[in-house]
Each structure stands twice: as C-alpha cells, then as structure tokens.
There are 2 protein chains.
Amino acid sequence: MHFTHEKEREEKVELRQIRYFIEVAKREHVTEAADALHVAQSSVSRQIFNLESELGVDLFIREGRNVKLTPIGKIFLERMKHGLNVIDEAEREVREYLAPEKGTIRIAFPISLAAHTLPTAIYAFRKQYPDAKFILKQARYQELIEGVVKGDFNLAMIAPLPPSEERKVHRKILFTDNIVALLPLHHPLAKKDSINLRELKDDPFVVLPEGYVFRDMVINACHDYGFSPTISFEGDDIDALKGLVSAGLGIALMPEVTLVDNIPNSTVKVRLNEHSVKRTVGIIWPTQRALLPTEKLFFDFLNEFYTRLVHFNQ
Amino acid sequence: MHFTHEKEREEKVELRQIRYFIEVAKREHVTEAADALHVAQSSVSRQIFNLESELGVDLFIREGRNVKLTPIGKIFLERMKHGLNVIDEAEREVREYLAPEKGTIRIAFPISLAAHTLPTAIYAFRKQYPDAKFILKQARYQELIEGVVKGDFNLAMIAPLPPSEERKVHRKILFTDNIVALLPLHHPLAKKDSINLRELKDDPFVVLPEGYVFRDMVINACHDYGFSPTISFEGDDIDALKGLVSAGLGIALMPEVTLVDNIPNSTVKVRLNEHSVKRTVGIIWPTQRALLPTEKLFFDFLNEFYTRLVHFNQ
DNA sequence: TCTTTTTCATGCGTAAAATGCATTGATTAT
DNA sequence: ATAATCAATGCATTTTACGCATGAAAAAGA
C-alpha cells in the first residue's frame with residue numbers, strides 16, 4: 001500500500017522545553033519558574049519562545065508583565081503533564097530495577113490515617129528496607145481516587161474503601177477500623193465501657209465540615225439507629241474535633257486508630273455496642289499502570305503486615 | 001558497559017535520546033538506526049551510551065558486533081514508545097489546532113476496503129478539504145483493533161465491526177455490505193441474476209488463508225445454510241481470489257464493494273438470495289484518547305457521507 | 001588460515017544550542 | 001513621581017551534539 005509523507009521538520013520538541021513549559025504554566029510566572037528550575041530567567045524565556053515557534057502556536061498571552069496560558073496552552077499543558085509523567089515513571093522504574101529496596105514510594109493518604117496508621121506501617125517497612133524513601137501527600141477523599149487515576153501517585157491509603165464499582169482503580173482492604181465515641185470526661189456516659197449509639201441521640205455532635213466522607217458516615221450511622229444528630233460545631237480536621245470535645249463543646253465519633261496513643265486531655269474513648277459501625281481501611285492503585293518496583297515492595301509488605309496484624313488481634 | 005565510577009550526572013533524559021533509543025531498539029542495529037535518523041552512527045552510539053549511564057542500567061547487551069535489548073531494555077522500550085506517543089500526539093494536536101483542515105489523518109484499514117471503499121471516502125473528503133493529508137496503513141483484522149488500543153493510529157476502518165463487548169474501542173457502523181458470489185463465466189449458474197447459497201454446495205471454493213476473519217465468515221455462512229464448503233485453493237488476498245476464480249479454479253464469496261468497478265475478466269457477480277449473508281463495515285477509535293482535530297473532521301465527514309449514501313440508495 | 005567486511009565504540013575538532021549576565025522597555029506598586 | 005518588578009533580547013561563554021576518522025572485535029568470505 002501507499003503512505004503519504006509528513007513534511008520533515010528539523011527542530012524537534014525536547015523534554016527540556018516541556019519541563020520549562022510546565023513550570024511556567026503552573027505558575028504563570030517566568031521568573032519564579034526559572035528559580036524553581038535553578039536556571040536564569042532569560043533561559044526559560046527563550047526556551048518558551050522556541051517551543052512556541054516550533055509548534056507555530058502561542059501558548060501564553062503576554063498581558064503587561066504577566067504571562068497567561070492560552071486555551072490551546074491549557075490543552076497542551078494537560079497532555080504534556082501526562083506525557084512527562086509516563087516518561088518519568090518509566091525512568092524511575094528502570095532506575096529502581098536493579099535495587100528496588102533503595103527506591104522511592106509515592107503514596108497519598110487521608111488526614112485520618114496521618115497520625116497513626118501510615119506512620120506505623122512506614123516505620124515497620126523501613127525496619128526491613130532502611131534505604132527506601134517516601135514521598136507522602138495528604139489529600140481529601142476524592143483527590144485520593146482522582147490522583148491515582150490521573151497518575152499523580154500510584155498508591156493511596158483510603159478509608160472507607162470506595163465501592164468496587166469504581167472501575168478506575170484497583171482496591172484492597174487492609175483492615176476494618178471501629179468507630180468509637182469520644183466524650184468529655186464529665187459526660188454522664190463517660191464511665192461506661194461501651195454504649196449504644198442511640199444513647200447519644202440528645203447530645204450535641206461535633207463533626208467534620210460538609211464534603212468530608214467521614215462526616216456523612218457519622219450522620220448516616222445515626223440515621224441507621226433512628227435519630228438525626230444535633231450538630232453543635234464543625235472542625236476542619238480530626239484534631240480540631242478532639243479539641244472541641246476536650247473543651248466540652250460536644251461529643252464526636254471517630255475511627256479508633258486516630259485515638260491510638262493519642263487520647264486528648266479531659267476526654268474519654270467509649271466503644272459502641274453496634275458492631276456494624278465501622279469503616280474499612282484499604283489501599284487503591286491504578287488499573288491502567290503498573291506499580292513501580294519499590295512501590296510493589298511496599299504494597300506486598302502492607303498486605304502481609306495487616307494480614308498478620310489482624311490475625312494477631314483475633 | 002561497565003560502571004566502575006558511577007558518577008551522578010545532573011543531566012536529565014532528553015527526547016533525542018529516547019528517539020534514538022527507540023530506533024536502535026526496534027532494529028537492534030545502531031548503524032541502521034543512524035541511517036533512519038539521518039545522523040552519524042557515532043552520534044547515536046554516544047547518545048545510547050549517555051542514556052544508559054544516566055539511567056544506571058544497561059539497556060543493550062553487546063554481543064560481538066551486534067546489540068540486543070536486555071529484559072529491562074524491553075520494558076523501557078514499551079514505556080518510552082507510549083510516552084513519546086503521548087507527546088507526539090499532543091504536538092500534532094496543537095499544530096493542527098489553528099488549521100485542522102490542513103492537518104493529517106492517520107487511518108488503518110483491512111485489505112478488503114483498500115480498493116474501493118477507502119479511496120472513495122478519501123477522494124470525497126479531499127474535495128472538501130484539499131489540504132488534508134493522509135497516512136494510510138493496511139493491517140490485518142486483529143492488528144486494526146490492537147493498533148487503535150495501543151495508539152499506533154486513532155482511526156481504523158474495519159469489517160466486520162467487532163462485537164460491542166470489546167470495551168477497548170469505540171465503534172460505529174457506516175454501512176452494511178452484501179456478500180455476493182463470484183463465478184467463472186462458464187459456470188452453470190452464471191446467467192442467473194441471483195441464487196441460493198445452497199446451490200453452490202458442490203462447487204469448489206477459493207478462500208482466504210486461515211486466520212482471516214473473512215474466511216471464517218464464508219465458511220460459517222455455508223454452515224448456516226447446511227453444508228461444508230469444499231476448499232480447492234487459498235489466495236492471500238481478495239485480488240488473488242479473483243484471479244483464481246477467473247482461471248476457473250473455483251468459485252468465491254466476497255464483499256460486494258470489492259467488485260465495484262472491478263469485476264475480473266471471465267467472471268460474473270451473482271447476488272445471493274439470503275439477505276442475512278452480509279457484513280458490517282464501520283470505524284473504530286480509541287476509548288482512552290481523543291481524536292486529533294483533523295481526524296475528528298474526517299470522522300464527522302465519514303458519518304455524514306455514509307448516512308447520505310445509504311439514504312440515497314434506498 | 002588469512003583477508004575483507006561489518007559493526008560498535010571512541011578521540012578529537014567543529015558546529016550548534018543552551019546558559020548567564022546585563023540591559024531594555026513596559027507595567028505595576030508605593 | 002519614583003521605585004520595583006517582570007518578560008524579552010543582545011552578546012559572550014559554556015555546554016552539548018555532531019561528523020569524521022580510526023580502533024578493536026567479530027563475522028564472512030576466499
């Protein structure tokens with residue numbers, strides 16, 4: 001058969017230009033990008049100019065002394081972030097090939113696992129692989145899933161585990177975590193070992209703000225047991241909730257792991273009799289990409305670690 | 001290569017190196033790759049060396065005077081092909097953004113659509129967009145689907161359309177094409193306007209070789225009407241079948257479009273009464289990627305073109 | 001076996017590209 | 001009005017890529 005030929009150009013786009021472009025694009029600021037790249041501003045400016053003339057398209061609008069992405073520039077940015085990501089990953093994969101135990105794990109996590117769960121796992125992993133490095137990123141629930149899909153990171157701890165209908169990520173449960181009540185020390189129920197959720201129906205609740213998955217879990221759990229909680233205050237994170245309870249401004253439900261080694265002053269942890277009030281803690285990873293060698297190492301470790309831990313606790 | 005003093009370079013991998021690497025990798029031959037790239041052999045050799053020292057990994061095994069990919073080299077090749085593809089696509093997208101009608105359409109097709117269907121469509125398209133360019137690739141049935149999935153091309157004409165359970169590609173029917181019989185001029189049934197497939201049950205069939213989808217379609221159609229065809233000869237493509245029929249070595253079934261303006265000497269086209277003996281002709285495109293501007297233009301054109309054509313024929 | 005050819009690697013001078021510095025010209029903040 | 005900030009550009013310098021010539025090793029041919 002027959003092939004039409006593309007006209008051959010001499011100049012080709014190079015990764016250097018793409019790297020510079022991405023830095024400039026996400027800051028919309030040449031000088032700052034140059035600082036971040038540890039090169040002179042003139043150098044960046046010139047490479048952007050070259051890139052634009054090679055493509056034959058304006059990527060930035062020069063407005064006074066600022067630069068702004070054009071519409072096509074935004075499209076180009078998205079594509080280039082993806083492409084550069086693929087190449088960077090491949091590079092890391094190859095570099096780690098010979099010595100996975102010295103590589104890097106990029107992992108994201110929600111705030112509720114930041115204090116105890118993740119540090120414990122990392123500590124245990126590093127006893128076995130002391131040269132492994134971690135890049136940690138705290139993120140909100142939806143960001144965790146999107147980040148794994150988009151390629152910002154390849155692993156994310158998450159709770160609760162998203163439904164398996166989510167085709168976009170693989171998922172694996174690590175353990176289930178009880179939800180417990182945190183009460184002020186002087187609360188009438190504070191001396192009890194465990195209570196029924198319904199006993200809290202007239203108490204003021206402190207919860208996370210709208211949009212947090214755990215807030216909805218708390219409210220739904222109450223509904224399941226026949227009441228609508230009165231919300232007295234909202235706190236931006238788990239620690240804020242602890243502070244509010246500690247100050248006597250209400251009671252809170254929270255995952256038990258957030259209280260390990262860390263029960264605030266003037267508060268008491270009380271178990272719930274309802275065994276269904278719990279959440280799953282697990283890990284998600286991409287369906288479209290493979291884990292890098294070191295990440296695979298950590299992933300396998302996590303599975304074994306929690307299998308043994310759960311077994312031990314029973 | 002030997003790493004005695006692995007000094008950490010500050011250098012980063014560049015697309016030039018990746019382009020050179022891919023050429024060398026797929027040929028396993030430095031000199032030929034250099035020729036294809038229009039640069040000196042020494043230049044390629046050096047860039048490969050640089051790439052390997054930057055990655056800290058051997059990508060090739062030097063065996064005597066040839067080079068062979070290492071296992072990790074093969075992995076790296078796959079990743080890099082993907083990454084470079086993403087970047088090249090983005091580049092073309094941006095280039096075509098300002099003038100889609102002057103861009104390039106990459107499209108693959110099976111041999112059966114090469115003679116009439118695709119040329120007709122391209123001819124009509126180019127009347128409307130004279131500056132559009134085409135890169136055409138003939139491929140076998142499975143290669144068409146895999147090529148669209150893998151990103152070798154974004155569009156493929158295909159017949160029959162793969163089942164919609166194939167989640168990996170989008171699909172759209174363009175028209176249905178009758179299967180007709182091609183008989184030698186002196187065949188007893190040659191004077192009839194149309195026949196029943198069963199009337200051919202004792203004739204020797206010439207068909208495509210094993211592995212072709214259309215071969216299976218022919219045999220299955222015969223089975224559907226109660227007989228197993230006797231196969232006298234196999235021909236490597238549709239034109240070979242025509243030649244065999246023309247030489248009186250058997251009869252053949254073929255899609256009607258392959259006979260438009262092109263009925264061989266000493267043969268006759270005879271319709272089949274069975275209306276179920278037909279095949280769908282359609283187009284597939286990736287689920288994971290978007291069509292480039294010019295490709296979108298052609299895609300929309302095809303849909304409109306065949307909508308009108310089918311309407312006109314009814 | 002000895003020669004010739006093929007092939008990849010490398011030393012070296014040259015060409016091309018990227019960089020940094022200094023400066024310009026324009027815009028914004030004080 | 002003055003100073004500060006910023007992107008672009010001219011120019012000298014450094015860095016990198018390149019081609020040529022050559023070497024070393026291996027395969028092919030005589």
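Chain identifiers are assigned alphabetically (A, B, ...) following the order of the sequence lines, protein sequences preceding nucleic acid strands; residue numbering begins at 1 within each chain. What's counted below: heavy atoms across the whole structure, side chains too, no hydrogens, waters or symmetry copies. Because the structure is predicted, anything quoted here is derived from the model rather than measured.
- At the heavy-atom level, B:R16 lies under 4.0 Å from the strands shown only through sugar-phosphate atoms.
- When rounded to the nearest whole Å, the span between NZ of B:K12 and P of D:dA17 equals 15 Å.
- Within the structure, ring-ring contact (aromatic ring centres under 6.0 Å, His included) contacts touching residues 69-112 of chain A (residues at least two apart or in different chains) are A:F21-A:F76.
- Among the atoms of the strands shown, none is found under 4.0 Å from any heavy atom of A:F60.
- In this structure, B:Q41 does not reach the D:dC18 phosphate: none of its side-chain N or O atoms is under 4.0 Å from OP1 or OP2.
- Residues A:A40 and B:E28 both approach DNA chain C. Their nearest nucleotides, taken by heavy-atom distance, put B:E28 toward the 5′ side.
- Heavy-atom nearest nucleotides on DNA chain C were determined for A:S42 and for A:Q17, and the one closer to the 5' end corresponds to A:Q17.
- If you measure from atom CZ of B:F49 to atom C1' of D:dC18, you get 17 Å, rounded to the nearest angstrom.
- The closest side-chain heavy-atom distance from A:K12 to B:R16 is not below 4.5 Å.
- Salt bridge status for B:E146 with B:K150: absent, with no side-chain N to carboxylate O gap under 4.0 Å.
- Residue B:N66 contributes atom CG, which lies 15 Å from atom C1' of D:dA24 at whole-angstrom precision.
- What separates CG of B:D35 from C1' of D:dG19 is a distance of 14 Å, to the nearest Å.
- The CZ-P distance, from B:R46 to D:dC18, rounds to 10 Å in whole Å.
- In this structure, A:H29 does not reach the D:dT5 phosphate: none of its side-chain N or O atoms is under 4.0 Å from OP1 or OP2.
- Residue A:R62 contributes atom CZ, which lies 9 Å from atom P of D:dT9 at whole-angstrom precision.
- Note on A:T31: a side-chain N or O is less than 4.0 Å away from OP1 or OP2 of D:dA7.
- Between the CZ atom of A:R65 and the P atom of D:dT9 there is a distance of 18 Å, rounded to whole Å.
- Residue B:Q47 forms a side-chain contact (heavy atoms from CB on, under 4.5 Å) with just one option from B:E52, B:Q17, B:R19, and that option is B:Q17.
- Bracketed by its first and final contacts, the part of DNA chain C lying under 4.0 Å from non-hydrogen atoms of chain B reaches from C:dT5 to C:dC12 in 5' to 3' order.
- No side-chain donor-acceptor contact under 3.5 Å links B:K81 to the backbone of B:I22.
- The backbone N or O of A:D239 sits less than 3.5 Å from a side-chain atom of A:D237, completing a donor-acceptor pair.
- Summarising the geometry, the separation between OH on B:Y20 and P on D:dA17 is reported as 9 Å, rounded to the nearest angstrom.
- Aromatic rings of A:Y129 and A:F298 (six-membered ring for Trp) have centroids beyond the 6.0 Å cut-off, not under it.
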